[in-house]
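Single-structure report; data block below.
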Amino acid sequence: MLSFTLNDHPVQCKSPAPETSALTLLRTTLGQCGTKEGCASGDCGACTITITSPEAPGRYKSVNACILPAHQLAGCHVTTVEGLAKETQLHPVQQAMVEHHASQCGFCTPGIVMSLYALYENRQEVDMVDDSHLDHRIEQALSGNLCRCTGYRPIRDAARAVMTTPSGPRPAQDKAPVPPAVSTARDYLLPTSLSDLHACLARHPDAPLVAGGTDLMVEANARLRTFDTLIDLTRLPELKQIMPLQEGWYIGGGVTFEALLPLAEKHYPALAELLYRLGSRQIREQATVGGNIANASPIGDTPPIWLALNAELILDGLSGERRLPLDEFFTGYRTTVLGAGNYIKALILPSLARHQALWVWKLSKRRDDDISAVLMAASATVTGDRLDHVRIAFGGMAATPARAPALEQVLEGHRLTAARLAMARQALAEEFTPLDDVRASSTYRRIAAGNLIERLYWHLNAVPGHKELTHA
Amino acid sequence: MSDQTLGAGPKRIDGRLKVTGQATYTADHQLDNKAHAYGVFSTISRGRITGLALEVARNMPGVIEIFHHGNFPALHHTPSSMAGGNKVEETRLPFEDERIYYDGQFVALVVAERFDQARAAAQAVTVRYEEETPRANLEQGLTAHGTREGKGNHSRGNAKQAFESGTHRMEATYTTPVETHNPMEMHATLAHWPNGRLQVFESSQGVVQQKGAMAKIFNLAPHKVEVISTFIGSGFGSKLWMWPHAVAAAAASREIGRPVELVVPRSQMFTTTGHRPETKQTLKLATDEQGRLVALSHHSISNTSCTDQYVETCGSVTKSLYSCDNVSVDHRTTQVNRGTPTSMRAPGAAPGLFALESAVDEMALAAGIDPLTFRLDQFADRDESQDLPFSSNHIRETAERAAERFGWHQRNPKIKSMREGREIIGYGMAACNWEALKRPCDAHVALRADGTVYASCATQDIGTGTYTIVAQTLVELTGVPFERIEVELGDTSYPKGPISGGSWTTATTLPAIAEATRHAIMELKTRAVRSGGPFDGVDVASLNFENGVLSHNGKQMSFAEVLSSMKLANAEGDAHTEGADTSKYSYRSFGTHFVEVRWDPLLANLRVARVVSAIDVGRVMNEKTARNQVEGAIVMGLGMAMFEHTEYDPRTARVVNNNYAEYLVPVHADQPEIDVILLDYPDTAFNEFGARGIGEIGITGLAAAVANAVYHATGIRVRDLPITKERLMAGA
Ligand SMILES: Cc1cc2nc3c(=O)[nH]c(=O)nc-3n(C[C@H](O)[C@H](O)[C@H](O)COP(=O)(O)OP(=O)(O)OC[C@H]3O[C@@H](n4cnc5c(N)ncnc54)[C@H](O)[C@@H]3O)c2cc1C
Ligand code: FES
Ligand code: FES
């Protein structure tokens with residue numbers, strides 16, 4: 001049995017197979033066809049819905065239903081495009097979309113309406129200090145919605161209009177009763193405490209873990225993977241904690257990138273800039289810190305940053321709790337030391353020391369909703385012009401996210417002068433033989449990585465007052 | 001004119017349905033007892049099937065039937081004639097034999113109770129092939145097959161000789177890659193056979209053509225086929241002509257006696273539903289000493305499939321855009337192992353103007369003339385290829401107004417000369433051009449006793465606002481307010497309407513709607529003056545109809561009252577209008593794009609920051625939908641310039657980036673600042689409304705404007721689309 005609230009109505013349905021997506025459940029099982037499918041891979045946003053989970057009843061998350069495990073709807077308040085209008089009264093977002101001609105063929109529209117609905121309903125979060133700030137928020141909200149017809153301008157106009165029109169109190173939806181978080185499936189386990197989780201792991205040591213599902217479900221859809229049993233990590237409060245520590249921050253393995261943003265904005269601005277460009281809003285609402293590390297993709301965006309900051313992991317599970325520098329975690333292409341029945345409990349992220357700087361630059365073909373071709377994360381203390389404690393890591397340059405020790409050594413204890421830049425480029429070229437794939441050629445990656453070092457050079461040698469771009 | 005009529009841009013009448021999720025697209029239809037089909041698609045690109053292992057799949061839950069070349073019912077070929085109303089692009093039927101011509105060809109079709117069951121069983125089918133070496137791209141096709149004659153060639157004067165004796169000359173080859181339409185809604189068919197008739201819900205830009213083709217293929221009297229496409233998640237050309245999946249679904253439904261739904265997965269939207277072909281274009285231009293064009297030749301080769309001939313007419317615009325005595329335009333094709341190509345937004349002109357307008361820029365620079373001046377001096381005043389005047393041409397005004405708004409005159413022509421911070425700024429421009437067509441059309445209009453006005457036509461609204469524009473026309477002609485208008489489109493049971501393509505829907509449909517409306521009004525008047533009618537004995541000619549009211553000598557009655565008083569349900573009008581007479585004028589639309597790019601040399605980071613375009617499409621029927629069409633086309637043109645590229649493995653001819661993650665289209669953050677200037681000069685020689693179409697022109701020339709701006713910023717002349725960072729880095 002799976003129960004949740006859909007557009008203010010309680011829904012109870014038979015437990016779907018573990019790999020079933022929320023989109024399939026909505027469209028096929030429940031016959032609610034307002035939500036569209038455009039790709040089934042999290043790339044287009046046509047399937048966007050909002051969910052409000054029991055832990056944060058006032059907060060609307062926009063998510064891609066096509067890659068959301070249906071079981072994660074348990075106990076949530078789910079809103080789809082069919083649920084916004086009250087009788088004949090359109091929701092302000094819908095009204096604005098009509099008024100600004102923001103829909104042509106209309107196939108992207110349900111998803112866009114829902115992304116804007118989440119933005120609108122969470123508007124308390126949006127401090128609209130000025131127009132550019134609002135534009136930034138709108139851009140973020142729409143970062144995961146493709147439209148092939150309109151060219152986007154009318155959609156942005158609709159968003160601006162609705163966000164700047166004074167509005168009454170929030171609608172009654174919030175008060176709708178949320179059913180208990182029921183999912184009684186035997187093959188989709190939703191532990192709610194660590195002891196529960198450990199019991200699940202002991203019973204099913206080989207069962208895959210799922211957190212946001214933004215990697216796992218894409219793969220399940222594309223390769224038609226089915227699972228005997230899945231263990232879900234999204235209902236574990238311990239995994240969602242963010243706590244200050246003596247040496248820095250404790251970040252639970254289940255923290256989503258959206259939840260990480262406030263910390264990043266405050267303490268690691270370069271990380272925040274990167275997070276704005278990680279996937280899309282819908283992806284960031286689901287994607288977790290632990291998932292991004294555990295999936296060990298060579299082009300995962302955050303591992304190079306954690307490497308550059310000398311982060312550590314806390315692992316737990318059948319092999320017991322242990323603490324491990326991230327440097328020792330990746331063992332090869334998509335392999336790690338984790339082992340079956342274990343999970344990433346937390347990331348220990350050191351605070352930035354005095355004079356320590358962090359630079360993160362991501363290169364991709366498109367600005368949003370695109371995977372990196374090359375990403376460089378570099379950290380060092382800068383005294384005068386001298387670089388110390390240099391740590392530089394790359395994504396997209398090797399089989400795993402990888403540090404560049406030879407490059408680090410060239411820079412360690414030196415000023416990054418033009419001569420040293422040449423040495424650095426040389427060291428880098430010798431250090432990596434990057435991948436050749438559809439995202440970028442090997443040559444491009446090599447040249448681009450070298451250019452990122454050069455960018456660091458310009459950054460460090462910038463004429464004061466010279467306008468410097470902060471990210472690519 | 002009130003806010004609700006032509007030109008002013010009322011709200012779209014379908015907007016509400018779309019924002020509430022009530023607009024029903026093909027895969028949203030619920031039919032009782034519906035079964036689901038999923039394809040097994042070939043994983044080789046050339047060869048034949050030597051064996052199919054079906055046992056495992058057959059025994060999987062929910063499986064009803066598996067079709068393949070060994071058991072698929074025998075069907076017929078359609079003659080594939082557009083005039084005959086039965087055109088398809090790929091004439092080979094699915095499962096016709098064991099031959100494989102391209103990656104993604106249907107090799108089997110699994111029908112099951114549920115979608116997931118059909119998909120799982122399709123995955124379980126194994127196919128054995130005998131593989132032959134495929135022709136994976138244009139170059140391989142040329143080596144293996146050479147070229148074939150295309151169509152649309154043109155020659156005047158002696159381009160070869162004039163080129164050789166020219167003072168300034170340029171010669172270059174440009175290439176454009178395969179692009180995939182990728183409308184947001186995937187192709188879908190829902191077919192069933194109530195009482196021996198075939199009814200098909202299809203995401204289609206051409207229901208009338210599909211009906212004709214289905215009738216031929218299934219050997220049915222035309223009236224036994226109905227094709228319905230009420231809402232479509234756009235098509236950009238890929239849904240103009242029916243593709244094999246529709247035939248497969250209809251046949252499967254007939255065989256199992258149940259409705260069958262088949263949605264083409266995103267990955268196969270890259271293989272079996274058409275694409276814009278790869279092109280290779282050689283341009284040779286020469287001017288005299290003063291920089292006047294004396295020779296212009298544009299020879300192109302595009303890929304077609306191994307089953308059908310499709311020609312991308314890259315030189316279609318080259319014939320008439322510039323004034324030049326010696327012109328040679330030639331189109332050829334070569335066969336490769338890809339599905340059959342088809343029209344994609346502005347076919348021919350989009351890749352063709354990339355080459356032509358890049359070459360014109362190169363020519364202007366070689367002759368030492370500002371690219372804007374060069375063009376202004378040489379735009380043709382009449383269509384020299386047909387020796388006809390243009391019905392209406394304001395291209396110079398588009399160039400001048402857009403240049404002014406853009407600030408072209410602040411441009412420092414020196415390469416890499418304009419900077420802001422680390423970024424180098426480049427300015428570029430290009431002309432845009434598209435033919436204006438008008439086709440035959442039928443329509444039906446009724447003034448109804450309940451005070452509403454109704455119109456129907458089989459043509460579709462693919463998102464361009466046809467519902468709204470038809471409604472506006474009715475408002476204008478009857479004076480009945482918007483809320484009391486009902487429009488039905490996209491169903492072959494309505495009067496025959498055109499395909500939604502070629503930007504001719506508006507120009508074609510509105511005259512028929514208008515004519516039918518006048519007939520309906522005349523019918524109303526004729527009834528009203530008959531004996532017993534409210535205007536008994538009045539001369540029809542002196543009876544006035546305005547704002548929905550009949551009047552004569554101070555007596556006034558609304559048409560609803562007139563009809564009710566005679567117990568009539570309605571007064572109807574039907575109309576048939578003809579296509580445009582092309583013997584007196586050449587009909588084309590015109591415009592100019594100006595583009596600002598910003599380039600960060602260190603990162604090879606390129607973005608289009610600003611576009612100013614001025615467009616001359618005759619009368620602007622609805623300011624909002626028109627502007628929107630142009631903006632959408634500009635952003636798609638940006639995709640063409642910078643991202644879009646369907647990549648094939650050169651060894652296997654299989655598509656590598658067959659998804660939205662790797663086939664990149666512009667996203668929200670890529671949109672530049674766009675300023676569209678719409679000229680509004682009614683072209684009454686073309687039709688009574690003076691409106692030419694607007695759907696395609698905006699994409700033409702845009703990629704060239706970007707390439708020209710990139711050259712200005714970087715000194716790198718990119719002649720191969722898309723303009724990627726790799727290309728810039730390699731050229732730097
Ligand atoms: C459209 C789209 C865009 C994307 N863009 C980006 C991008 O720009 N940059 C980027 O880096 N990534 C991107 N991704 C990939 C993905 O979102 C991230 O890798 C994300 O962090 C994965 O987290 P998750 O919680 O969704 O993982 P899941 O899919 O739930 O899990 C991924 C893997 O990690 C394991 N796992 C999850 N949590 C844990 C844990 N706590 N302990 C141990 N194992 C665990 C799972 O078993 C599984 O094997 C994108 C994905 C999509 C669909
Ligand atoms: S269907 Fe495209 S993101 Fe879900
Ligand atoms: S309106 Fe067609 S995809 Fe957005």
Side-chain angles (χ1 to χ4, degrees), chain A residues 24 28 31 33-36 38-41 43-44 46 80-82 84-85 90 94 97-99 101 103-110 113 139 142-143 145-154 224 363 365-371 438-441 444 447-448 451 454-455 458 467 469 472, chain B residues 11-12 14-16 18-23 25 28 30 114-116 119-120 123 182-186 231-234 236 266 421-422 462-465 600 602-605 624-625 628 631-632 634-636 643 647 656-657 659-662 664-665 667-671 674 724-726 729:
Chain A
T24 303
T28 311
C33 291
T35 309
K36 305 297 181 220
C39 68
S41 56
D43 293 301
C44 77
T80 67
V81 70
E82 291 103 330
L84 301 197
L90 293 181
Q94 293 172 313
M97 287 285 288
V98 172
E99 258 153 34
H101 294 247
S103 171
Q104 282 187 30
C105 79
F107 203 77
C108 66
T109 306
V113 165
E139 199 172 283
L142 292 171
S143 57
N145 292 90
L146 297 182
C147 173
R148 197 79 166 125
C149 300
T150 62
Y152 302 101
R153 196 268 310 153
L224 302 190
L363 295 183
K365 289 189 183 172
R366 191 169 63 184
R367 261 209 56 165
D368 267 343
D369 206 0
D370 192 9
I371 306 284
V438 284
R439 293 210 169 82
S441 66
Y444 168 76
I447 300 176
N451 285 0
E454 189 169 338
R455 166 168 257 223
W458 287 109
K467 193 178 140 218
L469 300 168
Chain B
K11 283 172 221 158
R12 301 172 58 122
D14 47 346
R16 189 185 177 91
K18 287 175 176 168
V19 298
T20 54
Q22 307 303 313
Y25 299 82
D28 302 338
Q30 311 288 348
R114 297 201 320 246
F115 174 79
D116 55 332
R119 193 175 63 166
Q123 172 99 334
N182 266 315
M184 283 288 282
E185 181 202 19
M186 297 171 288
F231 286 105
I232 113 162
S234 207
F236 308 112
R266 178 62 62 188
R422 304 209 55 76
I462 57 170
T464 50
D600 177 342
L602 260 192
L603 292 172
N605 214 38
K624 295 230 168 85
T625 55
N628 229 241
E631 287 173 337
I634 287 172
V635 172
M636 195 179 262
F643 309 126
E647 299 176 60
V656 183
N657 56 342
N659 52 62
Y660 265 144
E662 289 157 320
L664 299 184
V665 301
V667 295
H668 187 83
D670 292 315
Q671 60 172 327
I674 300 177
T724 58
K725 295 173 183 177
E726 276 98 329
M729 212 112 106

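By convention in this document, chain letters (A, B, ...) are assigned in the order of the sequence lines, proteins followed by strands, and residues within each chain are numbered from 1. Computed from a prediction, not measured in an experiment: that's the story for all the values here.
- Of the possible donor and acceptor atoms, none in the side chain of B:Glu631 sits under 3.5 Å from a partner among the backbone N and O of A:Gly151.
- The distance from atom CZ of B:Phe231 to atom SG of A:Cys105, rounded to the nearest 0.5 Å, is 11.0 Å.
- Of the two parts of A:Thr150, the backbone and the side chain both hold a non-hydrogen atom closer than 4.5 Å to a non-hydrogen atom of chain B.
- From A:Thr109, atom OG1 reaches atom NZ of B:Lys18 across 7.0 Å, with rounding to the nearest 0.5 Å.
- In this structure, the side chain of A:Gln104 engages the main chain of B:Asn628 through a donor-acceptor pair within 3.5 Å.
- Between A:Ser103 atom OG and B:Asp14 atom CG the span is 7.0 Å, to the nearest 0.5 Å.
- The minimum heavy-atom distance between A:Tyr152 and B:His668, with the atom names listed, is CZ-N, 3.5 Å.
- A 4.5 Å side-chain heavy-atom check between B:Phe115 and A:Thr28 finds every atom pair outside the cut-off.
- Residues A:Pro154 and B:Lys624 have side chains not in contact (no heavy-atom distance under 4.5 Å, counting atoms from C-beta outward).
- In plain terms, the two heavy atoms of A:Lys36 and B:Ala23 that are nearest each other are NZ-O, 4.0 Å.
- Shortest non-hydrogen contact noted between B:Arg16 and A:Val98 is N-CG2, 4.0 Å.
- Within the model, atoms CE of B:Met636 and CZ of A:Arg148 stand 4.0 Å from one another, a figure rounded to the nearest 0.5 Å.
- A salt bridge does not link A:Asp43 to B:Arg266: none of the charged side-chain nitrogens sits closer than 4.0 Å to a carboxylate oxygen.
- Closest heavy-atom contact between B:Val19 and A:Gln94: O-NE2, 2.8 Å.
- When all heavy atoms of B:Val667 and A:Leu146 are compared, the closest pair comes out as CG1-CD2, 3.4 Å.
- Put simply, CZ on A:Phe107 and CE on B:Met184 are 7.5 Å apart, with the number rounded to the nearest 0.5 Å.
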